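Heads up, the thing below is written out as structure tokens.
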Amino acid sequence: SSATAPIRATLFPGDGIGPEIAESVKQVFREAEVPIEWEEHYVGGQIDPRTQSFLTWESLESVRRNKVGLKGPMATPIGKGHRSLNLTLRKELNLYANVRPCYSLPGYKTRYDDVNLITIRENTEGEYSGLEHQVVRGVVESIKIITRQASLRVAEYAFHYAKAHGRERVSAIHKANIMQKTDGLFLKCCREVAEKYPEIQYEEVVIDNCCMMLVKNPALFDVLVMPNLYGDIISDLCAGLIGGLGLTPSCNIGEGGIALAEAVHGSAPDIAGKNLANPTALLLSAVTMLRHLELHDKAERIQNAILNTIAEGKYRTADLGGKSSTTDFTQAIIDHL
Ligand code: NAD
């Protein structure tokens, strides 16, 4: 019913349960009349020499052109001579920040009912630079790279995000007391950016203390920004606070304003093709994509339908202790729109 031209977005349904949960997203978006036209791309059956990966050059170009996309789980085939699919996407699209909103789902009981935080993980360097070698027998070395450029970029994104989403505080998570040079530089960059955002409170929390505080009282946190490895661990810890990886969305932010949303779980080969998968994480990831596009009304409407369906408790997939199929659960969400 909208008069404006549809927005083109790349969709990677992915492997295993990917196509089933992607179908669920397509259906819900259609019923909610979201003005998006999907450009579907599948992982290829052979290596594309231009990307050295099972992802084709055309797939990467599609994301670069559309600047927005949604990705299902991908299972990297075992074998030599190619790059991991997720690594290819991260490197080629320069996906520098991984953003994971994490909030308690009303009606789905966990130990906490007041979690409402965002983790923002630096996604390109730190301990994940892939620089490891043996110095002499029995001694190996792994190089942690922290650069001013990447630290400023992710800090800038965190403060920008906090301001745009009406958040009050950004906490930089670190271990600068031990990693004085690397985490020290990361903190210095966060401080510099913080000065440009006087309306946002800024604090620094040591990672070990942060873990203790998160499990004792997650409501203490608002937006957390951190280097790669800490972000990898803390973001999964936070997912656990609200019920697990089947529920948590994420969005990768790349150079030039690219946003590639993705569910954080894998392809779940054990239940693939059985109409059992929970599409919530991919649906909520699609919602973060809508928010990135500033389609806030549609985002709100779909998010509420998902949350209300889960809260009502009548239709839930097996991972949440229910008996519903993927398609029945999806239909229930559509009925709640
Ligand atoms: P997994 O997340 O696929 O599965 C772990 C467990 O969680 C399984 O029991 C699975 O059935 C369950 N599960 C996961 N998502 C679910 C959902 N939406 N609904 C219901 N149950 C769900 O992890 P894994 O088994 O370690 O990995 C399987 C494959 O996925 C591997 O090839 C791995 O490389 C790939 N993987 C991809 C990504 C990604 O693309 N981002 C992430 C993790 C793993």
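Just so you know, ligand 1 is whichever comes first in the structure, and atom 1 is the first atom listed for that ligand. Computed from a prediction, not measured in an experiment: that's the story for all the values here.
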Note to self: How long is the straight-line distance from CZ of R8 back to OG of S62, given to the nearest 0.5 Å?
What the structure shows: 8.0 Å

Next item on the list: Side-chain contact test, heavy atoms from C-beta onward, threshold under 4.5 Å: evaluate it for E255 versus L93 and give yes or no.
Entry: no

Notebook entry, point to check: In terms of ring plane angle, is the pair Y157 and H160 parallel, tilted or perpendicular, where the classes change at 30° and 60°?
Noted result: tilted

Notebook entry, point to check: Got a sec: does the CZ of R111 have more than 12 other heavy atoms crowding it under 6.0 Å?
Noted result: no

Check: Less than 4.0 Å between atom 41 (N) of ligand 1 and some protein heavy atom, yes or no?
Finding: yes

Item checked: Nearest-contact summary for atom 36 (N) of ligand 1 - protein heavy atom, Å -> G266 CA, 3.5 Å

Notebook entry, point to check: Which atoms of ligand 1 sit under 4.0 Å from any heavy atom of E262?
Noted result: 41 (N)

Check: So is R30 actually on top of W38's ring, under 6.0 Å and inside 45° of the axis?
Finding: no

Check: Any ion pair linking D183 and K175 (charged N to carboxylate O, less than 4.0 Å)?
Finding: no

Margin query: Is P269 close enough to touch ligand 1? Criterion: a residue heavy atom under 4.0 Å from a ligand atom.
Written below: yes

Next item on the list: Give a yes or no on whether atom 17 (C) of ligand 1 lies under 4.0 Å from any heavy atom of the protein.
Entry: yes

Item checked: Any protein heavy atom nearer than 4.0 Å to atom 24 (P) of ligand 1 -> no

Item checked: Residues, nucleotides or ligands: over 12 heavy atoms within 6.0 Å of N275 CG -> yes

Next item on the list: Take L89 and M74, measure what side-chain contact (heavy atoms from CB on, under 4.5 Å) needs, and give me the verdict at the end.
Entry: CA-CA 11 Å; L89 285 169; M74 292 178 178; 4.3 Å; yes

Check: Should L276 be counted as touching ligand 1, given the test is an N or O pair under 3.5 Å?
Finding: no

Check: Of the protein's non-hydrogen atoms, which lies at the shortest distance from atom 33 (C) of ligand 1, and what is that distance?
Finding: M74 O, 4.7 Å

Check: Looking at I302 and V34, what are the two nearest heavy atoms and their distance?
Finding: CD1-CG2, 3.7 Å

Item checked: Atoms of ligand 1 close to V264 [distance to a heavy atom under 4.0 angstrom, numbered from 1] -> 42 (C)

Notebook entry, point to check: If you draw a 6.0 Å radius around CD in E168, do more than 12 non-hydrogen atoms from other residues or ligands fall strictly inside?
Noted result: no

Check: What do we get for N278 next to ligand 1 when only non-hydrogen atoms under 4.0 Å count, side chain, backbone, both or neither?
Finding: both

Checklist line | Gap between atom CG of L117 and atom CG of L241 - 0.5 Å precision | finding: 7.0 Å

Item checked: Residue selection (non-hydrogen contact nearest atom 38 (C) of ligand 1) among K274, H265, E20, K71 -> H265

Next item on the list: Evaluate the 4.0 Å heavy atom contact test for atom 5 (C) of ligand 1: does a protein atom fall under the cut-off?
Entry: no

Margin query: Under a 4.0 angstrom heavy-atom cut-off, which atoms of ligand 1 come close to P73?
Written below: 40 (O)

Check: Which residue holds the protein heavy atom closest to atom 39 (C) of ligand 1, what is that atom called, and what is the gap in Å?
Finding: N86 ND2, 3.4 Å

Check: Using a heavy-atom cut-off of under 4.0 Å, does the side chain or the backbone of T317 touch ligand 1, or both, or neither?
Finding: neither

Next item on the list: Take E262 and N252 through the side-chain contact (heavy atoms from CB on, under 4.5 Å) test and state the conclusion after the steps.
Entry: CA-CA 8 Å; E262 69 168 326; N252 297 291; 3.0 Å; yes

Margin query: To check your reading of the model: name the closest protein heavy atom to atom 21 (N) of ligand 1, its residue, and the distance in Å.
Written below: I271 CD1, 3.6 Å

Note to self: Within the protein, is there a heavy atom lying under 4.0 Å from atom 44 (C) of ligand 1?
What the structure shows: yes

Next item on the list: Begin from the C-alpha positions of H82 and F54 and carry the test ring pair (Phe, Tyr, Trp, His ring centres under 6.0 Å) through to its verdict.
Entry: CA-CA 7 Å; H82 66 87; F54 288 90; 4.8 Å; yes

Check: Closest non-hydrogen protein atom to atom 8 (C) of ligand 1, residue and atom name please, with distance?
Finding: D270 OD2, 3.5 Å

Item checked: Nearest protein heavy atom with distance in Å, relative to atom 30 (O) of ligand 1 -> S267 N, 3.0 Å

Note to self: Is there a polar contact between ligand 1 and A268, counting only N or O atoms under 3.5 Å apart?
What the structure shows: yes

Next item on the list: Heavy-atom contacts with A75 under 4.0 Å: which atoms of ligand 1 show up? List them by number with element.
Entry: 32 (O)

